[in-house]
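In what follows, chains are A, B, ... by sequence order, proteins preceding strands, each numbered from 1. All heavy atoms count here, side chains included; hydrogens, waters and symmetry mates do not. If you're wondering where the values come from, they're calculated on a predicted model, not measured in any experiment.
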Amino acid sequence: MTSPELPGLLPELEVVRKDFPILERVLAGGVPLVYLDSANTSQKPQVVIDAMVDHLERHNANIARAMHQLGAESTVAFEAARDKVAAFIGAPERDEVIFTKNASEALNLAANTLAWAGDRQVGPGDEVVITEMEHHSNIVPWQLLTQRSGATLRWFGITDDGHLDLSTIDDLITERTKVVAVTWVSNMLGTINPIAEIARRAHQVGALVVVDASQAAPQLPIDLAAMPEDERPDLMAFTGHKVVGPTGIGVLWGRRAVLDQLPPFLGGGEMIETVRMDGSTYAPIPHKFEAGTPPIVEAIGLGAAVEYLGHLGMDAVHAHEQAITAYALDGLATVPGLTILGPTDAALRGGAIAFEIDGVHPHDIAQVLDSRGVAVRAGHHCAKPAHARFGVQSSTRMSSYLYTTPAEIDALVDGLEYTRSYFKLA
Amino acid sequence: MTSPELPGLLPELEVVRKDFPILERVLAGGVPLVYLDSANTSQKPQVVIDAMVDHLERHNANIARAMHQLGAESTVAFEAARDKVAAFIGAPERDEVIFTKNASEALNLAANTLAWAGDRQVGPGDEVVITEMEHHSNIVPWQLLTQRSGATLRWFGITDDGHLDLSTIDDLITERTKVVAVTWVSNMLGTINPIAEIARRAHQVGALVVVDASQAAPQLPIDLAAMPEDERPDLMAFTGHKVVGPTGIGVLWGRRAVLDQLPPFLGGGEMIETVRMDGSTYAPIPHKFEAGTPPIVEAIGLGAAVEYLGHLGMDAVHAHEQAITAYALDGLATVPGLTILGPTDAALRGGAIAFEIDGVHPHDIAQVLDSRGVAVRAGHHCAKPAHARFGVQSSTRMSSYLYTTPAEIDALVDGLEYTRSYFKLA
Amino acid sequence: MSTAQNLDALYQEIILDHYKNPHGKGLREPHEAEVHHVNPTCGDEVTLRVHLADGVVEDVSYDALGCSISQASASVLYDLVVGKPVDEALAIHEEFLALMQGKGEGEPDEDVLEDGIAFAGVAKFPARVKCALLSWMAWKDATLQSSKGSST
Amino acid sequence: MSTAQNLDALYQEIILDHYKNPHGKGLREPHEAEVHHVNPTCGDEVTLRVHLADGVVEDVSYDALGCSISQASASVLYDLVVGKPVDEALAIHEEFLALMQGKGEGEPDEDVLEDGIAFAGVAKFPARVKCALLSWMAWKDATLQSSKGSST
Ligand SMILES: Cc1ncc(COP(=O)(O)O)c(C=O)c1O
Ligand SMILES: Cc1ncc(COP(=O)(O)O)c(C=O)c1O
């Protein structure tokens with residue numbers, strides 16, 4: 001594909017694309033793949049796949065516990081992956097990086113441990129504040145926590161143009177607030193939320209700030225150590241498969257003091273200090289929260305993934321995403337009857353763009369696009385409340401990433417025109 | 001390596017070994033790898049690695065939610081993996097197979113959901129019965145549950161020859177018992193436990209039977225559907241990386257009626273039916289317990305793994321394990337000052353053999369063996385209470401698998417002789 | 001597999017016609033049972049009522065939000081079962097279910113399924129089978145509930 | 001990397017001698033602090049007491065269960081710190097720690113570490129560094145506790 005010259009695109013985009021074997025995939029009917037579903041899951045560069053294969057073929061062993069050469073190699077590789085992830089997010093301490101199976105487990109780890117006895121336990125009279133634009137994975141855990149602990153769940157609403165309605169902040173975040181959990185970037189509306197401002201307010205009342213960075217980590221440069229302390233999250237989650245890493249691995253970063261205060265989540269394996277039948281004591285972080293055999297080859301894959309992103313440069317990835325998003329917003333605006341859900345200024349948003357077309361259901365749009373090789377997502381994108389807020393049940397979502405070309409956006413826009421004519425819209 | 005002719009060995013063992021690339025590995029000093037740490041983690045055949053690579057390079061997409069071609073391919077592959085796992089354990093229903101990240105998460109899922117409101121909730125006055133020979137992953141979750149719920153934890157002891165002391169069964173399992181959690185095969189002593197007998201007794205009092213099959217699934221043919229109902233576990237856990245599959249994937253199998261009774265564990269993603277800000281309803285099993293993006297490529301790897309085991313035949317794998325174990329027990333008996341912890345009859349045990357040598361610490365044994373390429377595990381093997389029962393703090397453990405040859409056992413025994421001379425034992 | 005050809009197999013004229021002009025749409029009285037079914041993947045929903053009398057499906061009324069396939073399938077359901085004895089309607093349901101689960105291999109019986117045979121193409125799209133079945137599953141659920149209700 | 005050669009570098013004669021005949025082993029009175037440390041990976045344990053007087057390490061007594069490296073290192077610790085002013089002993093601790101964490105690159109100072117230089121080979125075995133440090137970490141912990149105790 002030849003790409004129009006857009007300022008901000010990744011240099012040598014065609015070369016970068018060669019790193020991703022799946023982009024050569026030809027689909028049914030001989031059409032090439034146009035993958036615009038990266039907010040759902042990203043594709044993997046060869047270097048990530050190779051790192052995993054090399055581990056499985058040459059170094060595979062269990063970690064920590066094994067003292068033999070393979071065990072030592074495996075342990076070194078696993079812990080090096082932790083260092084790489086810590087560097088990727090600018091973690092103040094590498095031991096603050098906890099490996100989980102995905103972002104959902106990371107968020108549930110937070111919500112679940114807050115239910116049990118400990119310095120941060122949430123109980124009746126306490127309040128947990130979330131927002132209407134969260135992914136289900138940052139809603140349901142807090143519903144379960146508040147239902148089970150007798151606390152109250154409250155939430156920020158969304159303005160008509162897709163931003164958080166912060167006018168209620170002083171009413172919502174009060175001395176009763178124990179936790180404020182908010183997404184950095186919305187996976188449906190694309191909105192980038194002012195997490196610094198929310199964190200400052202939450203910290204004033206002593207609440208814990210939990211940030212869902214599942215959509216932020218792939219797109220925005222993150223440097224936790226560089227944030228002013230009152231604006232820094234206390235806990236932050238993201239997921240491997242959206243940052244060109246494998247499935248089966250996620251990350252919970254947490255401030256050491258907070259992680260030390262939380263009781264254990266899952267028990268067993270290397271999360272212990274000592275075990276007697278009548279009681280156990282627990283290891284320090286990060287192991288305290290890593291029960292059982294961790295996702296070893298997945299952590300190694302994730303390490304290679306964030307290193308790959310580091311080589312491209314997250315500033316460059318972010319600039320690319322913004323250029324493509326702006327180009328896509330322009331292209332979509334030419335499609336009659338198309339409405340975008342969420343902010344329409346590329347500078348204020350991430351790369352996921354959800355939209356509706358009058359008279360065609362999102363399923364049907366996605367189906368017609370698929371017949372032309374264009375892969376988008378249709379449905380509620382695990383954000384039913386945000387859809388309900390806009391009075392819709394589902395939407396179509398395109399989402400780009402560092403390998404997306406302007407020509408692929410053109411293919412999407414052409415496909416949407418074709419969809420309209422296929423369903424005989426005037 | 002030339003293998004003595006032992007009855008029971010896998011036919012064409014040398015050909016089977018070629019399936020495992022890591023077995024060609026040459027270690028420091030040019031010595032070949034003798035991998036005797038399979039109870040810790042097993043090695044992976046090429047077909048498992050290839051299945052994962054093919055998925056990542058050609059079919060990668062998120063599942064369930066994605067309607068495009070890659071999404072459909074990925075979903076079909078993921079659900080086919082569930083079918084393969086169901087077939088591997090003879091699950092009465094394929095939807096009873098829940099994918100977790102490892103065995104530890106599966107056991108914690110059980111223990112954690114039993115703490116919350118529901119038909120099976122465990123509370124003050126209730127009792128949970130485990131055994132002294134459990135892996136920490138089947139101890140700590142139940143300690144957390146009983147501590148947090150106000151219930152009481154009780155346990156079976158171990159006899160001097162390494163079997164469960166069932167003489168106390170009627171005292172231990174009573175109408176107060178809500179859960180009996182026991183390992184099928186011990187990862188330290190190698191003991192195969194009479195789970196049918198224990199399940200019958202537990203079911204008489206209405207208790208839930210949880211079986212840790214982490215060491216059983218790699219070695220024993222399992223056919224849940226063929227078990228008499230009162231002898232069948234209600235919940236059973238095992239882990240992918242010990243059955244020639246990847247890390248990052250485990251399995252909880254559960255009887256549908258029981259899984260339906262348990263409240264959700266982790267919230268988010270596709271575990272929902274509908275989500276509103278003021279409350280959610282949940283999907284039926286298996287999705288109810290699979291929050292967030294599941295370990296997709298790992299499930300696909302596990303599917304290939306259990307299919308591989310199925311092609312070899314679990315009866316053949318079991319026979320091989322028994323032949324090697326008998327050969328190893330004989331070999332170890334020739335080493336002066338060596339004591340085996342656990343049963344010494346190969347027919348009554350699994351392939352993990354823990355031992356002590358008078359006058360040399362397990363670390364030092366493992367270190368000397370490692371210098372000769374022989375990889376064994378030294379330590380408490382996540383079974384501190386079982387070690388304490390035998391008055392030891394740690395042990396050395398060799399563990400074989402389907403690719404182990406008699407010549408490798410010879411290398412171990414030679415290495416132990418060398419260790420004794422290295423440490424100048426008479 | 002989705003190509004231009006089987007896109008047309010999926011979106012047959014009959015389906016698009018039912019989609020544009022659904023038969024029997026709207027919630028009506030009387031009814032013995034009302035159910036609400038959701039497709040958790042995409043959020044499509046249907047609220048569906050049945051009215052049975054003397055072992056005959058007197059009315060099926062519904063309010064549905066969803067894609068062309070799910071809307072058209074509710075409309076075809078209405079045409080096929082209203083006025084039929086419950087037993088016969090359930091047999092039609094079985095036939096439709098079999099067609100949908102046949103992965104595109106099934107040979108639909110036009111005498112039984114009428115416009116429903118247009119859904120043969122849907123069976124080749126696993127992700128869309130649920131769409132086609134949403135209202136049919138709801139109808140069966142409601143019918144069983146109201147039969148139970150009436151027999152007590 | 002573990003080969004026959006660096007096996008000998010790991011298990012130097014001095015280490016094996018200390019292992020067979022540990023110096024200062026056993027728990028003794030008086031003591032101002034007692035700590036219990038565990039290596040979670042292997043289960044090795046040490047219970048260790050310190051007795052300080054007038055800023056001098058008067059006694060270190062211990063009961064340890066563990067491998068040759070951890071036992072020998074406790075014995076060498078005893079030799080190196082008992083009788084020394086606390087400040088000097090802490091400086092020796094620093095030096096030993098640096099040697100162990102140097103991945104085998106460090107140049108140990110024999111005047112300071114005496115028999116302790118035999119542990120240079122251990123630093124090449126990441127899994128064994130924890131063994132060598134177990135009693136040293138326990139000693140530092142106990143010393144800080146008892147200094148705190150005495151200053152109040
Ligand atoms: C008997 C037993 N149970 C549970 C486990 C835990 O498995 P995982 O570490 O994969 O969660 C193991 C292995 O480590 C085991 O041997
Ligand atoms: C904003 C947001 N949060 C959380 C998640 C959950 O991530 P995972 O499914 O990997 O747990 C996602 C993606 O699905 C997401 O987009």
Side-chain angles (χ1 to χ4, degrees), chain A residues 21-22 25 27-28 37 40-41 43-44 49 53 56-58 60-62 65-70 101-105 108 116 132 136-137 139-141 143-144 148 155 241 246-248 266-269 272 275-277 280 291-293 295-298 366 370 375 377-379 382 384-385, chain B residues 21-22 25 27-28 37 40-41 43-44 49 53 56-58 60-62 65-70 101-105 108 116 132 136-137 139-141 143-144 148 155 241 246-248 266-269 272 275-277 280 291-293 295-298 366 370 375 377-379 382 384-385:
Chain A
I22 208 170
R25 183 62 205 276
L27 299 171
D37 197 17
N40 201 354
T41 201
Q43 296 303 345
K44 321 305 171 204
I49 300 170
V53 169
L56 292 170
E57 289 188 354
R58 295 181 40 78
N60 176 64
N62 214 323
R65 13 172 124 168
M67 313 193 62
H68 43 69
Q69 290 174 62
L70 295 184
K101 72 172 168 181
N102 52 27
S104 302
E105 189 195 9
N108 278 275
W116 302 116
E132 228 178 342
H136 294 165
S137 293
I139 297 177
V140 181
Q143 290 179 336
L144 291 172
R148 288 167 172 178
W155 52 87
H241 66 94
T247 52
L266 308 183
I272 58 102
V275 173
R276 290 193 324 270
M277 292 308 285
S280 300
T293 301
I296 300 171
V297 69
E298 293 75 14
D370 186 49
R377 185 168 174 189
C382 297
K384 285 194 105 165
Chain B
I22 208 170
R25 182 64 203 274
L27 299 172
D37 196 19
N40 200 354
T41 201
Q43 296 303 344
K44 321 305 172 203
I49 301 169
V53 169
L56 292 171
E57 289 187 353
R58 293 181 43 78
N60 176 65
N62 214 322
R65 13 172 124 168
M67 312 194 61
H68 45 69
Q69 291 173 62
L70 294 185
K101 72 172 168 182
N102 53 26
S104 301
E105 189 194 10
N108 278 277
W116 301 116
E132 227 177 342
H136 295 164
S137 293
I139 298 176
V140 181
Q143 289 179 337
L144 291 172
R148 288 166 173 178
W155 53 86
H241 66 92
T247 51
L266 308 182
I272 58 103
V275 173
R276 290 193 325 271
M277 290 309 283
S280 301
T293 301
I296 301 170
V297 69
E298 293 75 14
D370 186 49
R377 186 169 172 190
C382 297
K384 285 194 107 168

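- Closest approach of A:Gln69 and B:Ala28 over heavy atoms only: OE1-N, 3.1 Å.
- Using a 4.5 Å cut-off between heavy atoms, B:Ala375 touches chain A through backbone and side chain atoms alike.
- Looking only at heavy-atom pairs under 4.5 Å with chain A, the residue among B:Ala366, B:Pro246, B:Gly379, B:Gly248 that has the most is B:Gly248.
- When A:Lys101, A:Glu57, A:Arg276 are compared by the number of non-hydrogen pairs under 4.5 Å with chain B, A:Glu57 comes out ahead.
- Interface check for chain A: of the options B:Gln143, B:Lys384, B:Met277, B:Glu105, the most heavy-atom pairs under 4.5 Å are formed by B:Met277.
- In this structure, the portions of B:Leu266 lying under 4.5 Å from any heavy atom of chain A include both its backbone and its side chain.
- In summary, of the residues considered (B:Ile296, B:Thr293, B:Asn62, B:Leu70), a side chain to side chain contact (heavy atoms under 4.5 Å, CB included) with A:Thr41 occurs for B:Asn62 alone.
- When B:Leu27, B:Ile139, B:Val53 are compared by the number of non-hydrogen pairs under 4.5 Å with chain A, B:Leu27 comes out ahead.
- Counting heavy-atom pairs closer than 4.5 Å to chain B, the top residue among A:Arg148, A:Gln43, A:Glu132 is A:Arg148.
- Here the CG atom belonging to B:Leu56 is positioned 7.0 Å from the NZ atom belonging to A:Lys44, to the nearest 0.5 angstrom.
- Smallest separation of non-hydrogen atoms from A:Ser137 and B:Gly269: OG-N, 3.2 Å.
- In terms of heavy atoms, A:Gly267 sits closest to B:Pro141 at O-CG, 3.6 Å.
- For the set B:Val140, B:Asn102, B:Asn60, B:Val297, the count of heavy-atom pairs under 4.5 angstrom toward chain A peaks at B:Asn60.
- For the residue pair A:Met67 and B:Asp370, the shortest heavy atom distance occurs at O-OD2, 4.4 Å.
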